[in-house]
Amino acid sequence: QLNDPDVLKLNTNENPYPPSPRVFDAVRAALTTNHLRKYPQPLGDAFRAAAGRALNVDPDGILIGNGSDDILTILTRAFVPEGGLVVAPTPSYILYRSLAEIQGARFRAVPFAAGWQLPEAWPTDGNITFLPNPNSPSGTVVPLAAVERLAARVAPAPLVLDEAYADFADDNGLSLVGRVPNLIVTRTLSKAYSLAGIRFGFAVAGPAVVRELVKVKDSYNCDVLSLAAAAAAVEDQEYFRGVRAKIVATRGRMAAELAALGFDVTPSHANFLWCRRADRPVKPVYEELKRRKVLVRYMNYDGYDGLRMTVGTDAEADRLLTELRDIL
Ligand code: PMP
């Protein structure tokens, strides 16, 4: 993180808008000696009740995490033995491979089929499969029917549907939890709820699965202040819908203007856009943007490269577009 106020950060998919005002009230209320002196509630029952109501899921089927990366770590530790196998599509989130390596497990990257869809063949010997939906860096989605087919194929091993960006999409997999016994959905408050600094994520799965995962997590993996912030954030669904609507609107405008500048922009269901060019390399564009204090993410997957640009405010999008117009 750079502290220069002139830097425009469009490289890690943070939310440009502040969190709900209720988050600040909740954190202030939690800042008492009596709260800070004691350990937090280990399962985050107040958060689970709030999220259960907001998302219409069983609170006993929610596992809290110190960011959804913590949840992905807990899942890997719980399901993957040393020498085991972790499977994920590629190009996608690069953490899955690191988690496999830390666990002393093997990693198999399965290339997406055309249009960022799932291929017909998928390994059936994995101990866990991770599927980000929407995917990063593409922002594309796999339909729920295909998710269900993949879950059946890898069963009884778990399919982890990493829904870090699902809050910006039209549909999500929560309705499949319970009906598809080996499906585990992961969520974060880092993106749509503007709380990347708080570190809070969670999993939604069957209560019996969550009871086992609780044995693997650190007893107190979420602190008093983050639990207070997270519960307040999910309770304020009206504020959440307002922020989401603004980002979705800017996403549409940014995509159209980037396309007009000559980028191949993949239609996105997330809060970022995957931009490539046929006519020139994009790495120098990224470097020149950086020199002008506009940070986007340059991604290179074995030679398949592009720029992943976070959707900011309208003013931020304008600054990015002005710089790009000048550079190009
Ligand atoms: N999954 C995906 C696909 C992501 O892009 C990210 C953000 N880097 C995460 C999970 C983790 O987010 P967090 O730990 O902030 O919840």
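Quick note: residue numbers are just sequence positions, from 1. Read the numbers this way: they start at 1 and go in the same order the structure lists the ligands and their atoms.
Atom 11 (C) of ligand 1 has as its closest protein heavy atom Asp69 OD1, 3.0 Å. Protein heavy atom in closest approach to atom 14 (O) of ligand 1: Arg199 NH2, 2.7 Å. Protein heavy atom at the shortest distance from atom 3 (C) of ligand 1 is Asp162 OD2, 3.5 Å. Scanning the protein for heavy atoms near atom 12 (O) of ligand 1, the closest one is Ser68 OG, 3.4 Å. Protein heavy atom closest to atom 5 (O) of ligand 1, with residue, atom name and distance, is Tyr165 OH, 2.7 Å. Scanning the protein for heavy atoms near atom 7 (C) of ligand 1, the closest one is Lys191 NZ, 3.3 Å.
Side-chain contact between Gln237 and Tyr239 is absent, with no heavy atoms from C-beta onward closer than 4.5 Å. Using a 4.5 Å cut-off on side-chain heavy atoms (C-beta onward), Leu159 and Ile184 make no contact.
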message = One pair to check against ring pair (Phe, Tyr, Trp, His ring centres under 6.0 Å): Tyr193 and Phe200. What are the steps and the verdict?
response = CA-CA 10 Å; Tyr193 291 92; Phe200 200 93; over 10 Å; no
task = Apply side-chain hydrogen bond (donor to acceptor under 3.5 Å, both in side chains) to Tyr96 and Asp162, showing your working.
result = CA-CA 11 Å; Tyr96 308 132; Asp162 178 345; 2.7 Å; yes
request  = Apply side-chain hydrogen bond (donor to acceptor under 3.5 Å, both in side chains) to Arg308 and Ser136, showing your working.
outcome  = CA-CA 9 Å; Arg308 196 192 67 187; Ser136 171; 2.9 Å; yes
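Judged by the shortest distance from any of its heavy atoms, Ala164 lies inside the 4.0 Å radius around the atoms of ligand 1.
When each atom of ligand 1 is checked for a heavy atom of Thr188 under 4.0 Å away, the hits are 13 (P), 15 (O), 16 (O). Which parts of ligand 1 touch Gly67 is read off a 4.0 Å heavy-atom cut-off, strictly below it: atoms 14 (O), 16 (O).
With a 6.0 Å cutoff to the six-membered ring centre and a 45° limit on the axis angle, Arg97 does not count as a cation-pi contact of Phe107.
Residue pairs that meet the ring pair (Phe, Tyr, Trp, His ring centres under 6.0 Å) test with at least one member in residues 10-46, sequence neighbours left out, are Tyr39-Tyr220.
Backbone and side-chain nitrogen or oxygen atoms of Tyr96 are examined, and none is located within less than 3.5 angstrom of a nitrogen or oxygen of ligand 1. Close N/O approach between Tyr93 and ligand 1 is found [any backbone or side-chain N/O within under 3.5 Å].
Of all the heavy atoms of Ser190, the ones lying under 4.0 Å from any atom of ligand 1 belong exclusively to the side chain.
Between Lys9 and Glu316 there is no salt bridge, since none of the side-chain N atoms of the basic residue sits less than 4.0 Å from a carboxylate O of the acidic one.
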